[in-house]
Amino acid sequence: MNLKYRRLKGTRDLMLEEAERWAWCEERWADVLDRYGYGEIRTPVIEPTELFLRSVGEGTDIVDKEMYTFETKGGESLTLRPEMTASVVRAYLENGLTRQPGTVKFWYMAPMFRHDRPQAGRYRQFHQVGVEAIGSASPVLDAEVIRAALALFEAVDARGITLLLNSIGCPACRPAFLDELGAFLEANLERVPETLRGRVATNPLRLYDAKDDGVQELLADFRPITDCLCAGCRAHHETVRGTLGDLGVAFVDDPTLVRGLDYYTRTTFELTAASGRKQSSLAGGGRYDSLVEQCGGPPTPAVGFSVGIERTLLHLGDETVDPQRSRQSTVDVYVAALDEPAQRYALAAADLLRGYCRVEVDTTGRALKAQIKSANLRRARLLLVAGEQEQAADTLQLKDLTTGEQTTAARSQLLAAVREVLEA
RNA sequence: GUGGAUGUAGCUCAGUUGGCAGAGCCCCUGGUUGUGGUCCAGGUGGUCGUGGGUUCGAAUCCCAUCAUCCACCCCA
C-alpha cells in the first residue's frame, strides 16, 4: 500500500504485546530503583541548546553531529535532549535541591534523541532508564550505583553482562596525561589513520574509542591512564574496585574506556553484552564531579548511569512481536449484539459490569458467529448475547465459553450471574 | 557522512529465458434464520516503492530516486 504518512526514520511504533513487554520491564525497573533509594524525575524533552553544548561538550559526536536542534520564531536555539544527565543537573539546580540534605538520587525512564544513522539496536528516538546520584564524592557510592545498574539487568533476567571499569582522572591529574598522550601520538602520527588525526589535537582521549586496530595497537604501547592518576584519584579508584569486590561484583579493568561525553571524572564504566558484533554496549556511566559547578551551581560531586532500553530488550533475545499476530487486550466478558438497538441494550448491560470486570461490547454489527470468534480471541471467559428476544424479555444470554453452558439471566440479576461464573 | 543488501496483497514470501499478478496466513461470506476455536466451499484485497528508459510486450533488463534493513563511524 502506498502510505500517505510514514514513521520518521529511526523511530518505532510499540503496540499490544510489545508495549506490554516494555511495561513489564518498566515495572520491575521502577521497583529496583525504589529499593536503591531513588525517586523519579521527569523533565522536558526540549532544553536550551546551550545546556548540552556546555555539559556534553563540543568536540563530542553527540554535540557535533547528532543533536536535533532548531530555532524558535524568537531566535532561541532549542534541542531535543540527546541524554539525560544535563537535564537532571539543570532541574536539580533550578529547583533549589542544593539545599537538600544528603545525596539527591533520581531515576528516570525517558526518550532521548540523536540524529544517527539507524541500525540494529540504534534508533533516533531511543529510551534510557538511568539514575543520577548528586551530592556525594564517596567511591562507595560509585560502587552502589554500579550495583544498581547490574540489578536492573538482573530484574529482567538479562544474562552475559560484563562490567568494564576505568578511571579517567580529574582536572588535577588528567591534563598531564593528555599532554603526554598528545606528544606520543604526534610522534607516531603516521600510524593514525587520517580520519582520526583531527582528534589528536582536539581531544586525544577520544582516540581510545576508535575501533581501528592500528590505533589500538599504538595505544597499547602507551602507559594506561590508570598509571597516571593523582593520589586522590588512585585511592578513589581502588576503593571503588574494593567495594565492588565486597559486593561480589565481577569486573574487567579497561584502561581504554573513556566514554563519549566530556563531563566524566574519575570512575567510568560500561556494561556490555558479549553477544556477536551487534551494539554490545547496553549501559554506560560514571562520575561527573565538575558538572554541577559548570552548570552554575556550587561544587557538587555526582555519579550516574543510563541503560539503553531497546538494546537491553534486544539482548534478552525475545523476538519482536508481529502486531498482527499480537493479541488485542484480553477481557473477561464479551457482549455480542446484532443491530444498533441491541448494541444500546448491550452497552447498558456492560455498564453494570464494568465496576467489577473487563468487558468488551461488540459494535461491529457482524454475524454472531464472527462476534463469538472475536470473544475467543480476546480470551473472554463469558459471552453475553444481547438480541431482540433478550431485549423484549429484559434478559441476557450468558454463555460460559470454556464449558459451552448457556443460561438466561434477568438484567437485574446480571452482575450476580456473571460473578457466579467468573468466581467459580 | 561512507559501504552493502532488500523493496510484489494487511503479514510472510514465490514469481523460470522479458509473455494474462501468485501461494500461505489474516480478514469477510456461506454451510448453521441468533451460537465459538476444527472442517468444507466461496470471496475481498495489488499504481509489483517511485520516476524515466529499452522493447511489439517489463514485477523481470538499464538509469535515477526514495524507503527499509545491515555494517562502518560513534554510542544507549
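Numbers restart at 1 for each chain; the letters A, B, ... are given by sequence-line order, proteins then strands. Values in this document were obtained by computation on a predicted structure and should not be read as measured data.
Annotation: B:rU33 and B:rA21 have their P atoms spaced 41 Å apart (nearest Å). When the C1' atom is used for both B:rA64 and B:rA71, the distance is 25 Å, rounded to whole Å. With both ends at atom P, the span from B:rC61 to B:rU6 equals 11 Å, rounded to whole Å. Distance noted for atom C1' between B:rG15 and B:rA59: 8 Å (whole Å). Spacing of C1' atoms, B:rA14 relative to B:rU8, comes out at 10 Å, to the nearest Å. Rounded to the nearest Å, the gap between the C1' atom of B:rG46 and that of B:rG37 is 31 Å. Nucleotides B:rC48 and B:rG43 are separated by 24 Å at their P atoms, to the nearest Å. Comparing B:rU60 with B:rG52, their P atoms sit 14 Å apart, to the nearest whole Å.
Checking the phosphate oxygens (OP1, OP2) of B:rG49, no side-chain nitrogen or oxygen of A:R6 falls inside 4.0 Å. Contact check, A:R366 against B:rC28: a side-chain N or O comes under 4.0 Å of OP1 or OP2. Dashed line: the shortest gap from a side-chain N or O of A:Q119 to OP1 or OP2 of B:rA71 is under 4.0 Å.
Of the two residues near RNA chain B, A:K65 and A:G10, the one whose nearest nucleotide lies more 5' is A:G10. Comparing A:T11 and A:S306 by the nucleotide of RNA chain B whose heavy atom lies nearest to each, the residue mapping closer to the 5' end is A:T11.
Counting to the nearest Å, the P atom of B:rA76 and the CZ atom of A:F113 are 16 Å from each other. Taking atom CZ on A:R124 and atom P on B:rC75, their separation rounds to 18 Å, with Å as the unit. One atom, CE of A:M84, and another, C1' of B:rC75, lie 18 Å apart when rounded to the nearest Å. Going from atom CG of A:D64 over to atom P of B:rC73 covers 18 Å, rounded to whole Å. One atom, CD of A:E310, and another, P of B:rC69, lie 13 Å apart when rounded to the nearest Å. Atoms CZ (A:R12) and P (B:rA76) sit 18 Å apart, rounded to a whole Å. In this structure, A:L205 atom CG and B:rC75 atom P are separated by 11 Å, rounded to whole Å. Between the C1' atom of B:rC74 and the CG atom of A:D61 lies a distance of 5 Å, rounded to the nearest Å.
Distance from the side chain of A:A120 is smallest for B:rC70 among the nucleotides B:rC70, B:rC28, B:rA76.
Heavy atoms of A:G121 sit under 4.0 angstrom from at least one base atom. No contact: A:A336 has no heavy atom under 4.0 Å from any strand. Counting any heavy atom pair closer than 4.0 Å across all strands shown, A:A283 reaches sugar-phosphate atoms only and no base atom. Residue A:L261 is classed as a sugar-phosphate contact, given heavy-atom separations below 4.0 Å to backbone atoms only.
Under the side-chain hydrogen bond (donor to acceptor under 3.5 Å, both in side chains) test applied with A:T330, the options A:E360, A:R358, A:R378, A:R379 reduce to a single match, A:R358. With A:L164 as reference, A:T272 is the one residue of A:L271, A:D253, A:T256, A:T272 to meet the side-chain contact (heavy atoms from CB on, under 4.5 Å) rule.
Side-chain atoms of A:T265 come within 3.5 Å of backbone N or O of A:D289 as a donor-acceptor pair. Put simply, the side chain of A:T49 gets close to the backbone of A:S77: a donor and an acceptor are under 3.5 Å apart. The main-chain N or O of A:A86 is found under 3.5 Å from a side-chain atom of A:E83 such that the two form a donor-acceptor pair. Side chain of A:R122 to main chain of A:R117: a donor-acceptor pair is present (N/O by atom type, distance under 3.5 Å, no hydrogens or angles). Side-chain atoms of A:T11 do not come within 3.5 Å of backbone N or O of A:R7 as any donor-acceptor pair.
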Output one line per pair: protein atom, nucleotide atom from nucleotides 3-5 of chain B, and distance, for all N/O pairs under 3.5 Å.
none

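Remark: A:R12 qualifies as a cation-pi partner of A:Y123 under the 6.0 Å distance and 45° angle criteria applied to the six-membered ring. For A:R287 and A:Y264, the positive end is not near the middle of the six-membered ring at less than 6.0 Å and at most 45° from its axis.
With hydrogens and angles ignored, no donor-acceptor pair closer than 3.5 Å exists between the side chain of A:R114 and the base of B:rC74.
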Readout for nucleotides 34-44 of chain B: B = base within 4.0 Å of protein heavy atom, S = sugar-phosphate only, - = neither; 5' to 3' it is BBBB-------
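Side-chain polar atoms of A:T85 and A:Y288 form no donor-acceptor pair below 3.5 angstrom.
Salt-bridge formation is not detected for the pair A:E144/A:R147: no Lys NZ or Arg NE/NH1/NH2 atom is positioned less than 4.0 Å from an Asp or Glu carboxylate oxygen. Between A:R21 and A:E17, no side-chain nitrogen of the basic residue sits less than 4.0 Å from a carboxylate oxygen of the acidic one, so the salt-bridge criterion is not met.
A:Y208 and A:F222 have their aromatic ring centers separated by at least 6.0 angstrom.
RNA chain B contains the following stems of three or more consecutive Watson-Crick or G-U pairs, with both distances under 3.5 Å: B:1-7 with B:66-72, B:10-13 with B:22-25, B:27-31 with B:39-43, B:49-53 with B:61-65.
Atoms CD and CH2, on A:E26 and A:W22 in that order, are 7.0 Å from each other to the nearest 0.5 Å.
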